[in-house]
Asks: 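I have a structure I would like to understand better, so I am pasting it below and will then ask my questions one at a time.
Everything numeric here is computed off the predicted structure, so don't read it as measured data. As a basis for the values below, the full set of heavy atoms in this structure was taken, side chains included, without hydrogen atoms, waters or symmetry mates. The chain is numbered in sequence order, starting from 1. As the structure lists them, so they are numbered: ligands from 1, and atoms in each ligand from 1.
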Amino acid sequence: MTKNVHVTKWIDEMAAMTQPEKIVWIDGSDEQAEQLRAEACSTGELIKLNEELLPNCYLHRTALNDVARVENRTFICTTKQEDAGNINNWMAPAECYAKLTKLYTGSMKGKTMYVIPYSMGIVGSDFAKYGIELTDSIYVVLNMLIMTRVGNNVLEALGDSPDFIKGLHAKADLDEENRYICHFPEDNTIWSVNSGYGGNVLLGKKCFALRIASYLGRKEGWMAEHMLILGIEFPNGEIKYISAAFPSACGKTNLAMLIPPAVYKNLGYKTWCVGDDIAWLRIGKDGRLWAVNPENGFFGVAPGTNEKSNPNALHTTMRDTIFTNVVHDLDNNTVWWEGLNNNPPKNAIDWKGNKWDYTKYDKKDKSTCGAHPNSRFTASAKNCPCLSSEFNNPAGVPISAIVFGGRRAKTAPLVYQSFNWQHGTFVGSIMASETTAAAAGAVGVVRRDPMAMRPFVGYNMGDYFAHWLEMGKKIPNPPKIFNVNWFRTDDEGNFIWPGFGDNMRVLLWILARCEDKVGAVETAIGYVPKAEDINIEGLKDVTLDTIKDLLTVDVPSWKEDAKNIREFYGVIGDHMPKELYDELDALEKRLG
Ligand code: GTP
Ligand code: SPV
Ligand code: MN
């Protein structure tokens, strides 16, 4: 397949350790993918769904103990612990290699090892980076075929270069106690064992395109971020791009595919999706920040996706999609999840593979759900009705605004703008959000999640902040930085802001600010809109007073938050840049 000795020598070593019965190279062809799908169906790994209703779609169920990323079993293995920092789990590389070698040894006996040459970014472009994933899972192969650009052309583009990310994945026994997701940024290596869930095993995604790439980005002067990329087309045809970082399961896919509300649609506004999860950002020759989406598909949260909340995502999943851990409707041989519609299937199998009685379903008790709360669809970007024409542009798109946001029931207002890049970096660094089902562990606990990157920075968080500040100094014409919160609740716990498509109303304020077309009110935390500048035309339950309420800056809770931020900065430790402490001091001073 390739004469590249760096590749062949490494594969030989990995095969000697894992001892597969045979090795199969993935060439990116439809014929081979079709064969693998057929094989996976014959073993029960995949279930073929109704070809008329969901052409080329499949259902997969993971092991019951293997349904989300495992942050406590994810490690950054740098020679010096200090380089991984206090937020990451760290293991010494030699210790980790030794420990995992034991788990990998003989783990592929009697199995096939698949070799997946893939590209993050457009093959052959300046932005692209290459990886090879070795795996014993057909599910992983089929997902990688959707999520990345796979095939022989990647090997051709790599040539005889040693510059590729070496990824090894083995399902082994799916033993939770011995599950490890380990990154060796100094060796361009990722080792994952004992899991079969997306973020733990699709090594091009979080492991490479965020953890390893963030490490490379710092070294090479660019950024890898947990961000969607969205284009907003104005009635005059001009398109402005926004990138936004929200923590896992906090609305990136939804915002990336939003459909403008009628008030804007009727005027000719349109939106275009460039990416829904990861952005690689570089400084362009024109002095602006340019973004590409290194992925080729979407690994999106299924529950809550419906014809009203996200029709674009729903349509994207109508063909060529792998559904993971959703409900199987046996009458139609289709899929269902909570929040799809109000007609749960009567004859159904839940995500655990058991007969599911929809009448026992209780919204408040997650254990009665038919679909796992972190059930997902793997869908091809090319099937997205609002895919940007720039999706395959190797140069990417110029970013006008960076938006941070999270799930905050109280403190954060609907939107505010930072004073400048340094303050914007501070705003990103103090992000906090309620935890979600995307990672194993408690759900709904507020934790600090800087830039939505807490689980994904491949090095010391303090150095990561310093890199943000450094980038700001190097971008002649930087994007403006904002923070949003769609998740403020009333006393009964209901969301006050309608969200979804109506978030466009906030994005247009943001873009107007970028062009100095609208004023703002200066507060202790940043610039907040004048309530009347958020367009509420056509909104049923939202009045000017609702907006005023959503925009309030509650000084006592911010003072409380400031203390918590200081504590968090303390945990990050002595790599924390002084500039961010200066920003924190200044915030406290403004709060009084
Ligand atoms: P990852 O793929 O895990 O990185 O997540 P993501 O950020 O792409 O999350 P996604 O867009 O899939 O959002 C997941 C959850 O957020 C779903 O339960 C949505 O219904 C909910 N959600 C998204 N946008 C909004 C919004 O504007 N308002 C409210 N209230 N909920 C939203
Ligand atoms: C996330 O958890 O942020 C995801 C899904 O986007 S995963 O690929 O599992 O990380
Ligand atoms: Mn994500």
Side-chain angles (χ1 to χ4, degrees), residues 62 66-71 74 140 143-144 147-148 181 192 195-211 225-230 244-258 261 273 275-279 293 295 297-306 308-310 312-314 317 324-325 337-340 371-379 403-409 414 433-441 443 449 451-456 484-489 493-507:
T62 64
D66 191 25
V67 294
R69 284 182 294 99
V70 279
E71 293 180 0
T74 299
V140 167
N143 273 271
M144 287 292 284
M147 294 305 297
T148 71
I181 321 299
S192 163
S195 174
Y197 166 76
N200 300 329
V201 299
L202 308 180
L203 302 185
K205 197 172 177 56
K206 296 296 159 58
C207 299
F208 177 172
L210 287 179
R211 297 194 190 98
E225 298 295 333
H226 193 198
M227 288 178 178
L228 66 95
I229 309 165
L230 166 69
F246 308 154
S248 303
C250 288
K252 287 185 300 303
T253 306
N254 279 276
L255 195 69
M257 297 183 190
L258 114 167
C273 173
D276 82 324
D277 197 47
I278 297 176
N293 169 14
E295 301 192 277
F298 310 113
F299 185 60
V301 176
T305 306
N306 60 52
K308 193 160 168 286
S309 67
N310 195 346
N312 282 321
L314 199 62
T317 64
T324 301
N325 292 340
W337 49 77
E338 280 70 19
L340 174 63
H372 187 275
N374 190 40
S375 54
R376 299 249 168 188
F377 52 80
T378 317
V403 181
F404 295 121
R407 282 176 193 265
R408 295 296 308 264
L414 180 63
S433 193
E434 294 162 23
T435 52
T436 67
V443 168
D449 188 351
M451 283 85 169
M453 282 288 280
R454 183 184 182 124
F456 308 121
V484 299
N485 178 24
W486 316 136
F487 297 93
R488 210 137 140 170
T489 52
N494 305 306
F495 295 121
I496 304 172
W497 177 247
F500 301 98
D502 288 312
N503 293 332
M504 172 98 170
R505 299 165 190 271
V506 173
L507 299 184

Asks: Looking only at distances, please establish whether an N/O atom of ligand 2 is found under 3.5 Å from an N/O atom of Lys205.
Replies: no
Asks: If you count the atoms of ligand 2 from 1 in the order shown, which ones are under 4.0 Å from a heavy atom of Gly199?
Replies: 7 (S), 8 (O), 9 (O), 10 (O)
Asks: Can Asn200 and Ser192 be said to form a side chain to side chain donor-acceptor pair (under 3.5 Å), step by step?
Replies: CA-CA 7 Å; Asn200 300 329; Ser192 163; over 6 Å; no
Asks: Mind checking what residues have non-hydrogen atoms under 4.0 angstrom from ligand 1?
Replies: His226, Pro247, Ser248, Ala249, Cys250, Gly251, Lys252, Thr253, Asn254, Asp277, Phe299, Val301, Arg376, Arg407, Trp486, Phe487, Phe495, Gly499, Phe500, Asn503
Asks: Are any side-chain N or O atoms of Thr436 and backbone N or O atoms of Ser248, one a donor and one an acceptor, separated by less than 3.5 Å?
Replies: yes
Asks: On a heavy-atom basis, which atom in Cys273 and which in Ala256 lie closest, and how many Å separate them?
Replies: CB-O, 3.1 Å
Asks: For the residue pair Asn143 / Thr378, report whether a side-chain donor-acceptor contact shorter than 3.5 Å exists.
Replies: yes
Asks: If only atom types and distance count, is the side chain of Asn312 paired as donor or acceptor with the main-chain N or O of Met257 below 3.5 Å?
Replies: yes
Asks: In terms of the angle between their ring planes, are Phe299 and Tyr197 parallel, tilted or perpendicular, with boundaries placed at 30° and 60°?
Replies: tilted
Asks: As an exercise, identify every atom of ligand 2 less than 4.0 angstrom from a heavy atom of Asp277.
Replies: 6 (O)
Asks: Give the numbers and elements of all ligand 2 atoms closer than 4.0 Å to a heavy atom of Ser248.
Replies: 1 (C), 2 (O), 3 (O)
Asks: Among all protein non-hydrogen atoms, which one is nearest to atom 6 (O) of ligand 2, and what is the separation to 0.1 Å?
Replies: Lys206 NZ, 2.6 Å
Asks: Between Arg211 (side chain only) and Pro455 (backbone N and O only), is there a donor and an acceptor less than 3.5 Å apart?
Replies: yes
Asks: For ligand 2, find out whether one of its N or O atoms is nearer than 3.5 Å to an N or O atom of Ala438.
Replies: no
Asks: Could you tell me whether a side-chain N or O of Glu338 sits under 3.5 Å from a main-chain N or O of Ala371, the two making a donor and an acceptor?
Replies: yes
Asks: Which atoms form the tightest heavy-atom contact between Cys250 and Arg407, and what is the distance?
Replies: SG-NE, 3.5 Å
Asks: Under a plain distance cut-off of 3.5 Å, with no hydrogens placed, do Asn503 and Trp497 share a side-chain donor-acceptor pair?
Replies: yes
Asks: Considering only heavy atoms, which of Met147, Arg69, Lys252 lies nearest to atom 10 (O) of ligand 2?
Replies: Arg69
Asks: Please answer whether the main-chain N or O of Phe246 pairs with a side-chain N or O of Lys252 as donor and acceptor at a distance below 3.5 Å.
Replies: yes
Asks: Give every protein N, O or S atom lying under 2.8 Å from the Mn ion (ligand 3), naming each by residue and atom.
Replies: Lys206 NZ, His226 NE2, Asp277 OD1
Asks: For Phe299, take its heavy atoms, then give the atoms of ligand 2 lying under 4.0 Å from any of them.
Replies: 5 (C), 8 (O), 9 (O)
Asks: I need the atoms of ligand 2 closer than 4.0 Å to a non-hydrogen atom of His226, numbered in the order shown.
Replies: 3 (O)
Asks: Is a side-chain donor or acceptor of Asp449 paired with a backbone partner of Arg454 at a separation under 3.5 angstrom?
Replies: yes
Asks: To the nearest 0.5 Å, how far apart are CD1 in Ile229 and CG in Leu255?
Replies: 12.5 Å
Asks: Decide whether Asn325 and Ser375 meet the rule of one side-chain donor and one side-chain acceptor closer than 3.5 Å.
Replies: no
